[in-house]
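Worksheet: one structure, shown below.
It should be emphasised that the depicted structure is a prediction, and the values quoted were computed from it without experimental measurement. A, B, ... follow the sequence lines: proteins, then strands. Residue 1 opens every chain.
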There are 2 protein chains.
Amino acid sequence: MKISAHEEYGLRCLVQLARAEADGEFLRLNQIADREGLSPANAGKLMWILVKAGLVQSQRGANGGYTLARPASEIRLNEVIRILDEDTVDRFCKSHTGVLDACIHTSDCGIRPVIVGLHEIVQNALAEITLAELIGSEENVDARLHQIQKLQSPLRVMRSAN
Amino acid sequence: MKISAHEEYGLRCLVQLARAEADGEFLRLNQIADREGLSPANAGKLMWILVKAGLVQSQRGANGGYTLARPASEIRLNEVIRILDEDTVDRFCKSHTGVLDACIHTSDCGIRPVIVGLHEIVQNALAEITLAELIGSEENVDARLHQIQKLQSPLRVMRSAN
DNA sequence: AGCATTCCTTACTTTTTCGTCAAGTATCCA
DNA sequence: TGGATACTTGACGAAAAAGTAAGGAATGCT
C-alpha cells in the first residue's frame, strides 16, 4: 500500500502550478521540472496526463506553459490521485464501475471488502484536502492531516488501554 | 495508491490459515496454493516472508505445514501489511526510522506530510481489523469496514451541503 | 512568411516487481 | 537407517512501471 511515482510527482507538479496561480502566470515545462528535480521529459509526460484529464490547461508556442484549469482551492486530492492512478489501473480492470468492485477476482473470502473499503477510506481522507492547502508550511499541512485523522482515533485510544 | 500482489496474496494465505486455526491443524503449501489459485512456488515464497517475520510457524518433513504463530484474533492487518511491504520498501529507504520519515526526498513543499499522514491513516484503519474478523461472511466484513469509516464521515457530510 | 519557442505524441530503454524453477535441507515414519 | 514428504533458498525469465529521446504540431514574434 504505497503511492506510485506517478502520483507523487504529479501531485508535486500541481503544487508548483498552485503556487504560481496567484500571479496568473503560465509555468513552462522546464520551470516545473527544475523546481521538482525531475527531467523535462518525465515532467512532460506527467503534465500531459493532467492536461488530458482537464485538471490543467496548456498553451503552446512562445510564452506558453501550463496553468491550473480551476482555482487550487477547488481541486481536491482524491481527484488528483484518481486521475494519476487511472493510467496504471486501466489495464488491470478495463471496466471499473464505481470504485473498483469488479477488479478483485471473485472469491468467497472476506478480503474483497477490505481492499475496497481501504480505498474508500483513503479517498475520503484525500477528499478533505485541497491543492491550496498544500502550498502552506509543512506544519500547517501536518496539522490538517492530523485533524482529519483525529476523527478516526477514538477507537484506537480505547483499545490501546489493554 | 494501491496494494501490491505481495500484500493481497499474502493476506489471503493468512486468512486460509486463520480458517484452519480452529482445527489446530497444519496446512500444507499445496493446500494453501490450491485454495487461493496460485502456484505452490509463489505461495511458498509468500509464506516464507511470513515465517521469517514470525507471523506463522512452519513444520518441515512429513505431516508438516504452516500454522499461525498467534491466534487470529490477535493479528491485526496493519502488522500484516507492514511485513508484506517491507520486502519492497527496504530497497527504497534503507533505514526506515519510525514510519517512513526519511524516505521522502527532502523538499520544502508541503507534500511530505501528506504522504506520511496518508500512510498513518491507512495503518490506523488496518489496525482496527483482525485476521479473525476476515473469516466471516463478506457482509460482516463490509459492515465492519464501514463502521470504521463512519468515524471519519462528519466532515464530509458538512461539506457536501454546498 | 519565416523562425524561434513550447507543448504534444510515439517509440524505446532501463529498472523494478512478479512469478517460476530447481536444487538444498530438515523432519517423520517404517 | 533409508526413503518419502514438505519447507527453504537462490537464481532466472517475463511482465509491468518508470524514465528517456526524438520528431511533430501549434503559437507568437519579427
Looking at [X], does any N or O in its side chain come under 4.0 Å of the phosphate oxygens OP1/OP2 on [N]?
{"X": "Asn63(B)", "N": "dT5(D)", "answer": "no"}
{"X": "Arg60(B)", "N": "dA6(D)", "answer": "no"}
{"X": "His6(A)", "N": "dA18(D)", "answer": "yes"}
{"X": "Ser39(A)", "N": "dT20(D)", "answer": "yes"}
{"X": "Tyr9(B)", "N": "dT17(C)", "answer": "no"}
{"X": "Ser58(B)", "N": "dT8(D)", "answer": "yes"}

Side chain of Arg28(B) (C-beta onward), nearest among dA6(D), dT9(C), dA18(D)
dA6(D)
Would you mind telling me which of dT27(D), dC7(C), dT20(D) lies closest to the side-chain atoms of Gln59(A)?
dT27(D)
First encountered from the 5' end of DNA chain D, between Ala5(A) and Tyr66(B):
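Nearest nucleotide further toward 5': that of Tyr66(B).
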Within the structure shown, what part of the strands sits under 4.0 Å from Gly44(A) by heavy-atom distance: base, sugar-phosphate, or nothing?
nothing
Tell me whether Leu68(B) is reachable from Trp48(B) by hopping between hydrophobic residues (I, L, V, M, F, W, Y) whose side-chain heavy atoms are closer than 4.5 Å.
yes
Test for a donor-acceptor pair under 3.5 Å between the base of dT8(D) and the side chain of Lys45(B), counting only N and O atoms.
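There is none.
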